[in-house]
Structures are given as structure tokens and as C-alpha cells.
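Structure, as C-alpha cells:
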Amino acid sequence: MSSPPRKLWLAPSLLSADFAALGSAVRAAETGGADALHLDVMDGHFVPNISFGPAVVAAVRRVTKLPLDIHLMISRPLRYVETFRKAGGDTLVFHVESDDPPQEVARAIRASGAAVGAAIRPDTGFDVVRPLLSELDEILVMSVHPGFSGQTFIPEVLPKVRAAREALDASGSLALVSIDGGVTATTAVDAARAGATFFVCGNSVYNSTGVAENLSRLRAAVESGARHGIP
Ligand code: DX5
Ligand code: ZN
């Protein structure tokens, strides 16, 4: 008997939206069929760019019921777990390359009541995440170097997506495998084939034609990739 298809999540990244009209960007994602929203927090230290902090997360929280996936590209995630949880984050995704011990960050996130995500940069091996697997609800594989939207997808990370999927399946974990960076209707097919189930889409949602149209194109892409990928 084959298992039911896994849920495929489309998560528009607000980093690519018009910050002067964030409310409309959130509504467009919601009415266009997004499953979650991805919010990129950057401290100018872990990554060269600075984006936004808890006040913006809280503002978005007030206008949507969509799950908020908070991507913490910050050097000291431990200090901010409570803050981003209180601001309304449903999942807090920290980088294993940050300055804080990954086990401690994962436990602090769990204790806050949020779901736990761990992210890896393109040049970080999957083995760094392995010891954490049983503590995770999401593994986020970065397919660009973190810091900016609108970069080109790095296909060399796809074996890591596959490794994550296989390791999670082998351990019976239902954690999501996310892909973040340069996800388009073309690259999403490959990521879905490799076993990704959560697709962060910045430019491909907000920077061309209509949001709803972009989301349906991405939906078709991930569904077709998943049909031909890991069962
Ligand atoms: C990059 C961020 C991404 C970014 C994705 O550091 O983590 O979430 O917003 O944007 P696109 O989809 O345009 O690469
Ligand atoms: Zn991100």
C-alpha cells in the first residue's frame, strides 16, 4: 500500500515584498493559496545584510492566521528565542553555524512552545544536523548564500535535501525539509524530486506578475516534482 502524499508547503518570503505595503503582500499570499509565510531576520553580523526584527514579525502576526516560519540569520539566536516567540513565530529556524550550541538553541525553542527548525548554509554538510534530528520539526537547506533574495539557486545542495529526507524517513520523523533560495517554478521541481516539502519563495512570488498566478505555477511545479521523486 502506498502512503498518502506528503503535504507540500508554499511559503512566500516577505523579504521580496514591498515593505511599504506589507499588509497587502500578506493578504495577497493568503488569498493566493500560500500555506505559511517565511520571515527573514538578519542581524548584519551573521549575514552582511540587515532586514527586520520582532516588531515587524508582530505586525505581520496581527494581520494573518498563516503559520509564520521565522528564519533567524543571527549570530546569537539563544538571546532572541523568547522575543520572536512572543512576537508570534510558529516555527523558529536557527542556523547551526551560529555562535550558540545547536542543542541548546533547539531545546530553548522547544521550551518556548514554538516548532524547531535548523538551517544549514550551502557550504555546511548535512552531518552537522544529524545529531539534532530527533529534536527538529524542520530542516532548512539553503540553496543560496544567506543574506539576500533574488539570487540563483545552487543545485549542488540537492543531495543534502535527499540526505535529509532519507534520514528523517528512516527515523520515522515527520519533520519538514525546506529549501530556501532561488526557488522558481523550474528549480522547485528538482527540490521536490529530491524530497523537499516546504518551499520558500521570495522573488518568484513577489517580483513578477501576480502573486496568485505565481503561487499556482509554483504549486503545479512542486506537485509534479513530488510525483516523480522520493515516494
Ligand atoms: C535569503 C533568505 C531567503 C530569501 C529567498 O537569505 O533566506 O528566504 O528571501 O528569496 P528568493 O526566493 O528570491 O531567493
Ligand atoms: Zn529565508
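Each ligand, and each atom within it, is numbered from 1 in the order the structure gives. Note that the coordinates shown come from a computational prediction; the quantities given were computed from them, not determined experimentally.
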Ligand 1 atoms in contact with [X] (distance to a heavy atom under 4.0 Å):
X: Leu15; answer: 9 (O)
X: Val200; answer: 8 (O)
X: Gly147; answer: 1 (C), 6 (O)
X: Gly181; answer: 14 (O)
X: Met142; answer: 6 (O), 7 (O)
X: His38; answer: 8 (O)
X: Met73; answer: 6 (O), 7 (O)
X: His71; answer: 7 (O)

>> Given Phe198, which partner from the list Val222, Val141, Asp69 fulfils the side chain to side chain contact (heavy atoms under 4.5 Å, CB included) test?
In response: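 That would be Asp69.
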>> Does the plane of the ring in Phe46 sit parallel, tilted or perpendicular to the ring in His95? Use 30° and 60° as the thresholds.
In response: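 The rings of Phe46 and His95 sit tilted, inter-plane angle from 30° to 60°.
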> Can you tell which of Ser13, Gly202, Ala17, Ser16 gets a heavy atom nearest to atom 9 (O) of ligand 1?
Replying inline: Ser13
>> Looking at non-hydrogen atoms alone, which of Val41, Leu140, Leu14, Asp180 comes nearest to atom 7 (O) of ligand 1?
In response: Asp180
> Closest to the Zn ion (ligand 2), which N/O/S atom of His71 is it?
Replying inline: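 Among the N, O or S atoms of His71, the one closest to the Zn ion (ligand 2) is ND1.
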> Any salt bridge between Asp180 and Arg121, counting N to O under 4.0 Å?
Replying inline: no
>> Any salt bridge linking Asp127 with Lys160? Criterion: basic side-chain nitrogen under 4.0 Å from a carboxylate oxygen.
In response: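 Judged by the 4.0 Å cut-off on N to carboxylate O distance, Asp127 and Lys160 do not form a salt bridge.
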> Are Leu215 and Val26 joined in one hydrophobic group, where the rule is that I, L, V, M, F, W and Y side chains link up if heavy atoms are under 4.5 Å apart?
Replying inline: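 Yes; tracing contacts between hydrophobic side chains, which count when under 4.5 Å, links both residues.
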> Phe19 and Ile70: same hydrophobic cluster, using ILVMFWY side-chain contacts below 4.5 Å?
Replying inline: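 The answer is yes; both residues are in one hydrophobic cluster.
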> How far is atom 2 (C) of ligand 1 from its nearest protein heavy atom, and which residue and atom is that?
Replying inline: Asp40 OD1, 3.4 Å
> To which protein heavy atom is atom 1 (C) of ligand 1 closest, and what is the distance rounded to 0.1 Å?
Replying inline: Phe148 O, 3.5 Å
> Hey, is Asn203 touching ligand 1 through its side chain, its backbone, both or neither, going by heavy atoms under 4.0 Å?
Replying inline: both
> Using heavy atoms and a threshold below 4.0 Å, how should the contact between Ser149 and ligand 1 be classified: side chain, backbone, both, or neither?
Replying inline: both
> Heavy atom of Ser204 under 4.0 Å from ligand 1?
Replying inline: no
> Hey, are Thr187 and Thr184 close enough side-chain-wise for a donor-acceptor pair under 3.5 Å?
Replying inline: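 Distance-only check passes for Thr184 and Thr187.
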>> Under 3.5 Å, is there a donor on one side chain and an acceptor on the other for Asp137 and Thr91?
In response: no
> Do you know which two heavy atoms are closest between Pro102 and Phe94, and how far apart they sit?
Replying inline: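 Pro102 and Phe94 have their closest heavy atoms at O-CZ, 3.6 Å.
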> Between Arg130 and Ala167, which heavy-atom pair has the shortest distance, and what is it?
Replying inline: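 Closest approach of Arg130 to Ala167: NH1-CB, 3.9 Å.
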>> Could you check whether atom NZ of Lys7 has more than 12 heavy atoms from other residues, nucleotides or ligands sitting under 6.0 Å from it?
In response: yes
> Considering residues, nucleotides and ligands other than Tyr80, do more than 12 of their heavy atoms fall under 6.0 Å from its OH?
Replying inline: no
> Hey, does Val183 come in under 3.5 Å of ligand 1, counting only N/O atoms on both sides?
Replying inline: no
> Quick one: does Gly182 get an N or O within less than 3.5 Å of an N or O on ligand 1?
Replying inline: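 Min N/O separation from ligand 1 is below 3.5 Å for Gly182.
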>> Using the Zn ion (ligand 2) as the vertex, how large is the angle between OD1 of Asp40 and OD2 of Asp180, rounded to 10 degrees?
In response: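 Between OD1 of Asp40 and OD2 of Asp180, the angle at the Zn ion (ligand 2) is about 170°.
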